[in-house]
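Beneath this line is the structure, given in structure tokens, with notes to follow.
Just so it is clear, the values below take in all heavy atoms, side chains as well, and ignore hydrogens, waters and symmetry mates. To find a chain, count down the sequence lines: A is the first, B the second, and so on, and within it residues start at 1.
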Protein chains: 2
Amino acid sequence: MKLISEVKKNAVYDYLYSAIRKGEIKAGDTLTERDLAERLGVSRTPIREAIRKLEEQGVVIHEPHKGAKVITLSAEKAAELYEVRELLEGLAVRKLAQIHTAEMMEELTGYIERAEKKALAKEIEKLSDINSAFHLALARLSGNIYLEVIMNMLQTQINLLMTTSLSYSGRPLENIEEHKKILEAIKLGDGDFAESVAKYHVRQAKIHAMKKIAEGGM
Amino acid sequence: MKLISEVKKNAVYDYLYSAIRKGEIKAGDTLTERDLAERLGVSRTPIREAIRKLEEQGVVIHEPHKGAKVITLSAEKAAELYEVRELLEGLAVRKLAQIHTAEMMEELTGYIERAEKKALAKEIEKLSDINSAFHLALARLSGNIYLEVIMNMLQTQINLLMTTSLSYSGRPLENIEEHKKILEAIKLGDGDFAESVAKYHVRQAKIHAMKKIAEGGM
DNA sequence: ATCTACAAGATGGTATACCATTTAGGAACT
DNA sequence: AGTTCCTAAATGGTATACCATCTTGTAGAT
């Protein structure tokens, strides 16, 4: 039985991460414990824990006695991000091609269906969340726990990038089509092929993101 | 000016991680905050932070109201670990082949020299630490910040594996020879070749580790 | 004998106060 | 005017107490 009021530690984390994604807290801003505690009406303890978690995920960097600064995602960092993600997503999909079951495919298809609805409804923030969930699911279902943990971190960063820098602008339909192609490749059961399709997808996403960053004001 | 007494949070983390590596705290054991606080003579606060960090690194898993349990590294987990590491170390070395400078090579060579000394002196625990530092340096020098963060986590896990399961038993000399080959490949500047040498090294380490796990009592 | 319910202990989460360290700004001196 | 030193404020770290929740064992009922 899940209660409404989650533990504050998580609530604070969610609030801060969301505020950063929405741009209410900008890159370079510093989070100070006492400040936030007062503003959110809680003690420093849950704030500390939330900031630790943000640090863990690479969202802020803590400089002693200067506060935790929200990272700035430069074009270089974005390139590094996608570089690693290409490898890992390739591996996840390769493994999935070898071990996939009907239930797995059903779950994955579910994300795509929901994504299509959100895309049509232009609910871009929710679309972004669903796409995140899709990629995380690929990692989780691959059965490699490390892939899952790492992809979670990378996805957190990518969401940050998408929202703060790219203002959610995506290529929603092409993106979804590529996701479908990944699922088809998994169904074929050919690890090499599935891996190459997944890598292609990540490269496309990277190209798009880099172009946006180059245009937009970073 | 660095003082002797580091912050307790880190001291507690170091103590716990070390105790786990030494087997004083075994896989499956639970860490409870009050318990440790009393035994180490500090308050729960630094204990909490240390446990969080252990959790972050995947060393313990926190189950609500049951304490933080030290993970059990099964053969499957070890295989997953090396699977991911092969990809990432391959990427790191590929990049290094393209961007390496004299200073970088000097640093890397330094690790190998120190490793040889420790190997000859049979100081196996210190050897293990130096090898960790070598691999972490590869990731760091590659210039991809994500590689560095991720490799740090993987290395933490591998150290755990080496000590708890493999009792430091290694193939120290072969290992060092392979490290030398990696450096030579980097110097040649051929990314593809360097990557393949690095991947080969990780696969060898994996084979050795898996064999040991199969023999030894896990 | 088994099941239920409840109470006590264990565990985690939060609030608060205090201490340590660092930073930053200004006063005093040259 | 520039430099040095010192102090106050900011920030982080730690200790402690209290509260909420969950687990577990046991007493009582059936």
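- In this structure, Ile47(A) atom CD1 and dG13(D) atom P are separated by 15 Å, rounded to whole Å.
- The residues Glu83(A) and Lys95(B) are annotated as salt-bridged, a charged nitrogen and a carboxylate oxygen being separated by less than 4.0 angstrom.
- To the nearest angstrom, P of dT14(D) lies 13 Å from CD of Glu49(A).
- Rounded to whole angstrom, the span from the CZ atom of Arg34(A) across to the P atom of dA15(C) amounts to 15 Å.
- Taking atom NZ on Lys69(A) and atom P on dA10(D), their separation rounds to 17 Å, with Å as the unit.
- Residue Glu55(A) contributes atom CD, which lies 14 Å from atom C1' of dT11(D) at whole-angstrom precision.
- Using a 4.5 Å heavy-atom threshold, the side chains of Leu147(B) and Leu138(B) count as separate.
- What separates CG of Asn10(B) from P of dG12(D) is a distance of 15 Å, to the nearest Å.
- Taking for each of Glu63(A) and His65(B) the nucleotide of DNA chain D with the nearest heavy atom, the 5'-most of the two is the partner of Glu63(A).
- Checking dA17(C), dT11(C), dT16(D) against every side-chain atom of Arg44(B), the shortest atom distance belongs to dT16(D).
- Taking the charged nitrogens against the carboxylate oxygens, Asp129(A) and Arg21(A) do have a contact shorter than 4.0 Å, which makes a salt bridge.
- Counting only N and O atoms by type, the side chains of Gln57(A) and Tyr17(A) include no donor and acceptor under 3.5 Å apart.
- If you take CD of Glu33(A) and C1' of dT21(C), they are 14 Å apart, rounded to a whole angstrom.
- Contact between the side-chain N/O atoms of Arg48(B) and the OP1/OP2 oxygens of dG12(C) is not found at any separation under 4.0 Å.
- OP1 or OP2 of dG13(D) has at least one side-chain nitrogen or oxygen of Arg52(A) nearer than 4.0 Å.
- Checking the phosphate oxygens (OP1, OP2) of dT14(D), no side-chain nitrogen or oxygen of Thr45(B) falls inside 4.0 Å.
- Taking atom CG of Asp35(B) as the reference point, atom C1' of dA10(C) lies 11 Å away to the nearest angstrom.
- Ion pairing between Glu49(A) and Lys53(A) fails under the 4.0 Å rule for side-chain N and carboxylate O.
- If Lys66(A) and Val42(A) are placed on DNA chain C by their nearest nucleotide, the residue sitting closer to the 5' end is Val42(A).
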